[in-house]
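Single-structure report; data block below.
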Amino acid sequence: MSNTDSSHHDDQIGHIVPIKFLIFICCILLFLTAVTVWVSRYDFTEINIAEMGIILALAVATVKATIVGLYFMHLRWDRAFVGFIFVGSILFVVLFIGIALTDTMEYQPSIIKGDTPKVSDAMDLLKH
Amino acid sequence: MTTLTTQNPNDNYLNHTKGIKSWLFTLDHKRIGVMYLVCVLLAFLLGGIFAMMIRFQLLTPEGTFMTQDQYNQAFTVHGAVMVFLVIIPAVPAALGNFVLPIMLGAKDVAFPKLNLFSWYLWIFGLVFFLIALGAGGIDTGWTFYTPYSIDKASSMGGVIPALIGAFVLGFSSIFTGMNFIVTIHRLRPKGMTWFRMPLFLWATYATAIIQVLATPVIGITLLLLIVERSVGIGIFDPAMGGDPVLYQHFFWFYSHPAVYIMILPAMGVVSELISVHSHRHIFGYKFIAYSSISIAMFGFLVWGHHMFTSGQSALMNIIFSLITFSVSIPSAVKVFNWLATLYKGSISLNTPMLYGLSFIFIFSIGGLTGLHLATLATDIHLHDSYFVVAHFHYVMMGSALIGFLGGIHHWWPKMTGKMYHENWGRVSAILVFIGFNITFFSQFMMGSKGMPRRYATYVEMPEFQIYHIWSTAGSVILAVGFVICAIYLLHSVFAGKKAPANPWGGRSLEWQCPSPPPWDNFPEQPEVGDCYDYSVLEWNEEEQGYDWRKDAVHPGDEQKA
């Protein structure tokens with residue numbers, strides 16, 4: 001986009017969201033917070049899925065983050081390119097955390113248990 | 001003269017306002033670029049002194065003048081200063097700040113105050129590094145690897161100030177990147193579509209993406225390290241349930257793309273050098289532009305190749321090895337296109353071009369030896385040896401810094417309004433090239449024979465002494481080359497010939513404003529044509545520079561017609 005293209009953008013006022021709508025969104029976020037609290041108190045071992053608590057909490061957090069991005073950060077009404085950048089950034093974080101944690105899980109079986117002083121004692125013994 | 005000038009032809013950014021305050025509080029991108037340049041070169045001198053200390057220590061197997069602790073400090077400070085204070089900001093912050101807005105025909109970057117703030121952050125980062133030296137020193141290596149860096153009993157006391165310094169410098173880098181992204185998106189002139197931008201801008205744009213996306217990760221990682229060292233929570237320390245390999249993941253997730261923060265802008269400089277000084281349209285413009293973006297993208301997916309011997313899982317080792325090979329494709333695309341540009345070009349073997357050619361030669365060796373290290377089987381043997389040291393110096397010093405030097409020489413007449421002594425420039429460039437290759441090729445040889453890196457002495461391996469002697473001799477030649485360069489550049493500032501607006505015959509917009517540029521660059525935003533079409537220029541004997549051919553149609557007139 002050239003200067004001449006962009007000059008009229010500079011004069012624009014950003015998209016205005018009615019205050020009632022923002023309060024409505026805020027209520028949804030508060031409701032979802034209550035859901036997270038409820039999930040944390042529920043014992044999922046009863047249905048033999050102990051990890052369900054974390055999965056649900058993260059799912060709710062993702063929905064909340066999406067709502068904040070869409071409505072409070074105005075992505076819903078902004079250019080698609082800005083949304084693309086936002087989603088791209090999220091995917092980028094997923095990639096980084098995903099690969100790092102996958103690796104961590106992969107090498108767990110090969111870790112020598114014990115704290116570092118014990119390991120260094122063992123290494124000293126090997127040398128002698 | 002068709003150069004675009006302001007009303008007062010003697011007014012330029014150097015004399016528009018006077019006094020130290022006019023520099024320290026300037027919002028002018030050119031002055032900020034010059035301030036970065038001066039500071040980066042001083043930091044380069046500091047890092048260079050430590051480099052020479054390392055080389056002279058290794059002249060004999062017993063070591064010559066440093067204790068083991070002092071040696072550990074010397075290579076840590078050398079690495080940290082060169083990476084964080086020199087190579088990362090060198091091309092983008094120093095040359096980029098000066099050239100980028102003028103190449104766009106803009107009056108400044110999008111956020112001038114943020115730009116000045118970035119420079120002050122760089123200064124604060126430097127101050128923290130100096131505090132680290134005074135507060136007991138740092139001996140962790142520039143990577144600050146855990147668990148050593150969190151072990152207060154073993155590592156030296158300057159770790160936390162150095163970490164804060166790197167953290168602050170990260171913000172400087174992010175702000176510069178943000179500024180450049182917005183500037184390129186919003187301030188391009190009429191007619192400058194994405195594929196009419198000079199390739200230096202493509203490279204700077206790709207670099208800025210990396211700066212903005214990757215640097216926050218190192219910021220938060222260093223912050224975690226500070227918290228772990230000072231408060232003792234278990235994030236990376238295995239004794240407290242932490243994971244030191246996770247630190248390496250976090251660190252290299254930034255620091256490998258950081259290699260591309262260093263090399264990509266230098267590649268952009270080389271694209272300009274090769275085309276302008278062979279007076280030939282750049283070959284494969286779109287391929288070079290796309291390869292910058294793909295290098296930036298691939299750069300994010302290969303960090304694990306630094307960790308093949310760290311305990312990283314076999315699955316990840318294989319994945320990272322495969323992806324690493326793929327980075328060589330866009331890199332090779334650039335090299336082949338530069339070579340094709342040179343083919344049948346009218347090559348001027350002047351100083352910038354010599355640096356450009358040096359870059360291609362050295363980068364090819366640096367890139368190809370990277371394939372040895374990306375191969376799992378050979379990396380096991382070469383890891384932590386001098387082969388690795390030679391490889392990354394071929395890429396980070398021999399390529400990134402040579403590109404930086406080429407850029408300085410290319411834009412020096414524009415920045416200072418003075419021409420440097422061309423023959424001394426050639427002598428210096430040749431000495432740098434020869435000295436560099438003697439210094440580091442001998443390191444490839446000793447590394448492949450098993451000489452480990454980071455050893456202060458090698459009493460039990462005296463067979464490596466000959467390589468160290470060669471390497472030290474090369475470093476002396478290199479240093480002489482740099483000293484000559486500093487002398488003739490400084491001499492040119494005070495006694496150099498006046499530079500014409502376009503001494504090399506460039507077509508991008510910075511060559512259409514006077515040397516040095518006026519305060520506001522252009523009286524009005526210029527029209528843009530093909531910035532690699534040199535057929536419209538001709539040599540002007542009177543001005544000792546290039547000028548528009550009298551029968552050539554200017555881009556603006558072309559559109560009107």
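Every heavy atom of this structure was used, including side-chain atoms; hydrogens, water molecules and symmetry mates were not. First the proteins, then the strands, lettered A, B, ... as listed; each starts at 1.
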- Item | side chain to side chain donor-acceptor pair (under 3.5 Å) partners for B/Thr324, two or more places apart | B/His305
- Point-to-point distance, once rounded to the nearest 0.5 Å, from NE2 of B/His185 to CZ of A/Phe81: 4.5 Å
- Query: So does A/Phe31 have more than 12 non-hydrogen atoms from other groups sitting under 6.0 Å from CZ?
  - Reply: no
- Query: Does CD1 in B/Ile220 sit with more than 12 non-hydrogen atoms of other residues, nucleotides or ligands closer than 6.0 Å?
  - Reply: no
- Query: Is chain A contacted by the side chain of B/Leu104, its backbone, both, or neither, given a heavy-atom distance below 4.5 Å?
  - Reply: neither
- Message: Looking at B/Tyr145, I'd like to know if its OH atom is crowded, meaning that more than 12 non-hydrogen atoms belonging to other residues, nucleotides or ligands lie closer than 6.0 Å.
- Response: yes
- Message: Tell me whether the count of non-hydrogen atoms from other residues, nucleotides or ligands lying under 6.0 Å of CG in B/Leu322 goes above 12.
- Response: yes
- Query: Most heavy-atom pairs under 4.5 angstrom with chain A, which of B/Phe253, B/Phe300, B/Phe250?
  - Reply: B/Phe253
- Task: Could you please state which residues from residues 95-107 of chain A sit under 4.5 angstrom from chain B, measuring non-hydrogen atom to non-hydrogen atom, sorted by number, or 'none'?
- Result: A/Leu95, A/Phe96, A/Ile99, A/Ala100, A/Thr102, A/Asp103, A/Thr104, A/Glu106, A/Tyr107
- Message: Check this for me: A/Phe84, atom CZ, are more than 12 non-hydrogen atoms of other residues, nucleotides or ligands nearer than 6.0 Å?
- Response: no
- Query: What residues form a side chain to side chain donor-acceptor pair (under 3.5 Å) with B/Thr176, not counting sequence neighbours?
  - Reply: none
- Query: Can you list the residues that meet the side chain to side chain donor-acceptor pair (under 3.5 Å) rule with B/Asp151, with sequence neighbours excluded?
  - Reply: B/Ser154
- Query: By a 4.5 Å heavy-atom criterion (distance strictly below it), what part of B/Phe320 contacts chain A: side chain, backbone, both, or neither?
  - Reply: side chain
